[in-house]
Amino acid sequence: MAPLPSIDEALEGILARVRPLAAERVPISAAHARVLAADGTAVVDLPPFRSSAMDGYAVRSADAPGRLRIAGQSAAGRPSEAPLAPGTAIGISTGAVVPDEADAVVPVEIVRVEGDEVVVPAAEAGAHVRTAGSDVRAGAVVVAAGTRLGPPQVAALAAAGRAEVDCVRRPRVAIVPTGTELRAPGDRLAPGEIYESNGLLLRAQVETAGGTVELLPPVGDDRAATRAALERALDADVLVTSGGVSVGPHDLVRETLAELGAEEVFWRVAVKPGKPVAFAVRGSTLVFGLPGNPVSALVGFELFVRPALRALQGVREPRPPFAPAVLASPVRRSEGRDALVRAATRLVDGRLEVEPLRGQESHMIVRAAAADALVLVPRGSGELAAGAQVSYLPI
Ligand code: AMP
Ligand code: MG
């Protein structure tokens with residue numbers, strides 16, 4: 001039997017089949033967490049005019065030291081109308097227009113005001129004056145294409161005058177949990193039944209990855225019901241199923257997908273948990289068949305589905321952002337499969353340690369809920385020792 005693809009090989013197989021979605025214009029007020037389809041450029045210089053960095057007095061530096069007549073006030077949004085004649089000063093507030101003739105602002109803290117005069121001990125040319133365009137020039141790139149807009153990026157674009165930005169359309173993701181045993185939380189459980197949790201898990205994961213979700217009700221392990229649900233869900237950009245991809249007689253997802261014309265790219269990856277994960281395409285729809293065990297679904301999403309959603313949105317680096325850490329206690333390796341071990345991060349003397357949690361079986365979603373990291377434990381025999389350098393994926 002051919003060896004199973006590694007995590008990286010499976011991921012490359014997925015990314016090779018992703019075509020970024022089209023762009024749409026989005027008001028800046030709705031652009032948070034969206035990905036820019038084109039560079040976002042500045043409409044205006046920022047600051048748009050020479051402005052004061054301090055509350056104080058705008059002066060001609062050549063007039064200092066000296067006693068200057070206060071000829072007017074320049075407040076934020078309300079420039080002084082009086083010009084700055086030699087021997088005079090204009091009271092000024094932070095962010096207000098610095099009069100053309102002034103080349104310095106003297107902070108209020110170092111002057112003495114006497115009636116309508118101000119005694120200025122010193123003024124250095126250029127001091128406390130923000131030049132126009134010192135943050136960005138009109139026309140220059142504020143945020144590059146392929147960037148997901150976080151709070152500072154949204155603020156930067158707004159400050160530079162962008163009312164709208166071109167963003168990649170959000171991927172539409174259909175989620176279909178499968179399993180006759182699944183009941184909604186709050187229902188009474190009959191013997192053999194469990195509460196459905198993967199639908200909510202995957203919905204939350206998709207939302208944090210920038211997709212919009214249609215969560216279908218769980219379908220039982222029945223051919224007609226499975227086919228009806230999957231047929232409808234295949235209209236989405238991405239279909240994510242949970243359960244029903246193993247080798248049991250009630251695992252109907254893969255064969256139903258094949259009947260519906262989806263072409264399987266791979267089934268099973270050398271990963272623990274989540275080995276029976278399937279990936280298929282139908283037209284432009286990407287289909288992920290995640291295993292039903294909740295931790296397998298969680299891990300499979302992070303390794304394969306989230307990168308695909310990032311790539312669909314044109315994110316420059318869609319792959320999982322593994323980061324280095326030190327393993328706090330030993331873990332057993334898995335023969336033939338790379339493992340993603342649920343762990344908690346902590347800072348010890350300024351270095352990041354990852355502590356594997358107890359309860360690593362793939363059904364233990366409650367144990368996994370204490371984790372903020374998935375530690376990559378490369379396949380092999382024996383143990384990975386405490387103190388080993390590892391890489392981990394923040395979750
Ligand atoms: P399967 O992959 O269908 O063989 O399911 C593997 C295990 O995961 C079984 O114990 C299922 O009961 C459980 N499971 C499947 N789907 C879900 C779900 N949506 N929520 C919680 N557990 C599930
Ligand atoms: Mg099942």
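Order of appearance sets the numbers: ligands from 1, and atoms from 1 within every ligand.
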> Who's the nearest protein heavy-atom neighbour of atom 4 (O) of ligand 1, and how far?
Replying inline: D251 OD1, 4.1 Å

>> List ligand 1 atoms under 4.0 Å from E196, heavy atoms only on the residue side.
In response: 18 (C), 19 (N), 20 (N)

> Same cluster or not: are V253 and L216 linked, directly or through other Ile, Leu, Val, Met, Phe, Trp or Tyr residues, by side-chain heavy atoms under 4.5 angstrom apart?
Replying inline: yes

> For E81, does the CD atom have more than 12 heavy-atom neighbours from other residues, nucleotides or ligands under 6.0 Å away?
Replying inline: no

> When you measure from atom 17 (C) of ligand 1 to every protein heavy atom, which one gives the shortest distance, and what is it?
Replying inline: N198 ND2, 3.3 Å

> Of all the atoms in ligand 1, which lie at a distance below 4.0 Å from a heavy atom belonging to G244?
Replying inline: 1 (P), 2 (O), 3 (O)

> Will you find, in the side chains of D55 and S93, an N or O donor that is under 3.5 Å from an N or O acceptor?
Replying inline: no

> CD of E255: more than 12 outside heavy atoms within 6.0 angstrom?
Replying inline: yes

>> Which heavy atom of A123 sits nearest to which heavy atom of A104, and what is that distance?
In response: CB-CB, 4.2 Å

> Among protein heavy atoms, which lies nearest atom 21 (C) of ligand 1, and at what distance?
Replying inline: S197 OG, 3.5 Å

>> Determine whether R162 and T41 satisfy the following criterion, side chain to side chain donor-acceptor pair (under 3.5 Å), listing intermediate values before the conclusion.
In response: CA-CA 8 Å; R162 274 273 146 230; T41 55; 3.1 Å; yes

>> What protein heavy atom lies closest to atom 22 (N) of ligand 1? Include the residue and the distance to one decimal.
In response: I194 CD1, 3.4 Å

>> How about CZ on R316, more than 12 heavy atoms from neighbouring residues, nucleotides or ligands closer than 6.0 Å, or not?
In response: yes

> Do S61 and E124 meet the criterion of a side-chain donor-acceptor pair at a distance under 3.5 Å?
Replying inline: no

> Can you list the atoms of ligand 1 that are under 4.0 Å from a heavy atom of S242?
Replying inline: 16 (N), 19 (N)

>> Can you report which non-hydrogen protein atom sits closest to atom 7 (C) of ligand 1, along with the distance?
In response: N293 OD1, 3.4 Å

> Is T178 near ligand 1, meaning one of its heavy atoms is under 4.0 Å from it?
Replying inline: yes

>> What I want to know is whether G292 and ligand 1 share at least one N or O pair that is separated by under 3.5 angstrom.
In response: yes

> Which of the atoms in ligand 1, numbered in the order shown and given with their element, are less than 4.0 Å from a heavy-atom of E181?
Replying inline: 11 (C), 12 (O), 15 (C)

